[in-house]
Trainee: 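Please find one structure pasted underneath; my questions will follow.
The basis for the numbers below is simple: all heavy atoms, side chains too, and nothing from hydrogens, waters or symmetry mates. Numbering of residues begins at 1 and proceeds along the displayed sequence. Remember, it's 1-based here, ligands and their atoms both numbered in the order they're listed.
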Amino acid sequence: MRILILGGTTEARELATRLAGDGRFASTLSLAGRTAHPAPQPVPTRIGGFGGPEGLKDWLRDQSINAIIDATHPYASRISANAVTAAQAAGIALGSLVRPAWQRLPGDTWIDVANAEEAVSALGATPRRVFLSMGRLEIAAFAAAPQHCYVARMIDPPKDVQLPPEIVLIQDRGPFQLAAELELLRKEAIEFLVSKNSGGSATYPKIAAAREAGIPVIMIARPKKPHRHILADIDAACAWLETLREPHDATASARGV
Ligand SMILES: NC(=O)c1ccc[n+]([C@@H]2O[C@H](COP(=O)([O-])OP(=O)(O)OC[C@H]3O[C@@H](n4cnc5c(N)ncnc54)[C@H](OP(=O)(O)O)[C@@H]3O)[C@@H](O)[C@H]2O)c1
């Protein structure tokens with residue numbers, strides 16, 4: 001059975017690892033190509049956009065794909081919309097791994113905002129020391145608030161992006177540890193953390209560290225991410241793929257077709 005995994009996440013790599021050890025499945029992992037040196041992957045990988053939903057539909061047909069698992073990041077909504085459209089057009093089953101959002105815990109001070117521009121407003125006029133934990137494209141919005149001093153962490157350095165004048169760039173990729181996150185907040189005298197609600201454990205320590213240090217988190221809301229058959233975790237994804245191998249036992253809706 002030929003599977004396309006839409007990736008760029010820890011879950012996608014974990015799923016690919018599980019399927020790589022199962023001779024019944026031949027998986028291809030697809031990455032957008034945003035990071036210059038992606039982590040090694042356990043299955044054949046293709047890199048770069050498909051050319052919208054039409055391009056994805058053609059690729060699915062060319063590659064005789066039987067099922068798609070959308071394991072993209074919760075903030076990658078365009079590729080998920082494309083996957084829904086292309087899967088429907090090609091008559092291919094689509095399962096979507098939906099990573100639960102982080103929930104506020106006692107001691108958290110979260111300021112909810114809709115996007116990076118609202119996060120900039122939420123910082124206010126008074127100069128602050130701000131930790132930006134987000135992709136290199138989103139940090140451009142903070143050039144509109146040059147009064148603050150920023151520490152920005154990302155995988156690759158920003159290219160062709162306007163930056164605020166006072167910014168320290170840290171190139172690093174998760175998983176991160178609580179003690180190191182607390183030390184970073186302390187060393188940089190951080191007053192605000194700006195974050196997406198990515199969910200998962202790899203980048204959660206910054207949220208726990210902010211709670212422990214009493215630092216408010218400006219939390220950028222998740223976009224609406226289209227999906228078909230929702231899969232809670234890797235086990236659910238594998239179980240769902242099993243049902244697709246027995247199409248006579250599964251209803252079309254359970255298969256996400
Ligand atoms: N957004 C985040 O905060 C975030 C964080 C961590 C990881 N990522 C990963 O980074 C990638 C890009 O995220 P994004 O927010 O820029 O996505 P997006 O806005 O949903 O997608 C923009 C375009 O990038 C291409 N694309 C996205 N994911 C792809 C994939 N897995 N394989 C092939 N093409 C893909 C598609 O191009 P075409 O229309 O040409 O097919 C898509 O239309 C995703 O794979 C995501 O899982 C994103």
Trainee: On a heavy-atom basis, I'd like to know which of G8, A32, A81 is closest to atom 29 (C) of ligand 1.
Mentor: A32
Trainee: Does the cation-pi check pass for R211 over W110, that is, NZ or CZ under 6.0 Å from the six-membered ring centre and within 45° of its axis?
Mentor: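 No.
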Trainee: Number the atoms of ligand 1 from 1 as they appear, then name those within less than 4.0 Å of a heavy atom of R46, with their elements.
Mentor: 33 (C)
Trainee: When only distance counts, is E138 in polar contact with ligand 1, meaning an N/O pair under 3.5 Å?
Mentor: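 No, since none of the N or O atoms of E138 sits under 3.5 Å from an N or O of ligand 1.
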Trainee: May I ask you to list the atoms of ligand 1 that are less than 4.0 angstrom from any heavy atom of N82?
Mentor: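 By the 4.0 Å cutoff, the relevant atoms are 39 (O), 43 (O).
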Trainee: For atom 19 (O) of ligand 1, grab the closest protein heavy atom and report residue, atom and distance to one decimal in Å.
Mentor: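 Closest protein heavy atom to atom 19 (O) of ligand 1: R78 CB, 3.8 Å.
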Trainee: Checking side chain to side chain contact (heavy atoms under 4.5 Å, CB included) between R153 and each of L169, I170, T203, which is the one that passes?
Mentor: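 With R153 as partner, side chain to side chain contact (heavy atoms under 4.5 Å, CB included) holds for just one option, I170.
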Trainee: Classify the ring geometry of F142 against Y150: parallel below 30°, tilted from 30° to 60°, perpendicular beyond 60°.
Mentor: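 Perpendicular, since the angle between the ring planes exceeds 60°.
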Trainee: Return yes or no for this condition: an N or O of G52 is under 3.5 Å from an N or O of ligand 1.
Mentor: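 Yes, there is a polar N/O contact under 3.5 Å.
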Trainee: Identify the protein heavy atom lying closest to atom 10 (O) of ligand 1, giving its residue, its atom name and the separation to 0.1 Å.
Mentor: R34 CG, 4.3 Å
Trainee: Heavy atom to atom 46 (C) of ligand 1, shortest distance: which of A76, A12, A71 holds it?
Mentor: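 Looking at heavy atoms only, the winner is A76.
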Trainee: Could you tell me, atom by atom, which parts of ligand 1 come under 4.0 Å of a heavy atom of K196?
Mentor: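 Heavy-atom distances to K196 below 4.0 Å select 1 (N), 2 (C), 3 (O).
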Trainee: How far is atom 31 (N) of ligand 1 from its nearest protein heavy atom, and which residue and atom name does that atom have?
Mentor: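 For this ligand atom, the closest protein heavy atom is S30 O, 3.0 Å.
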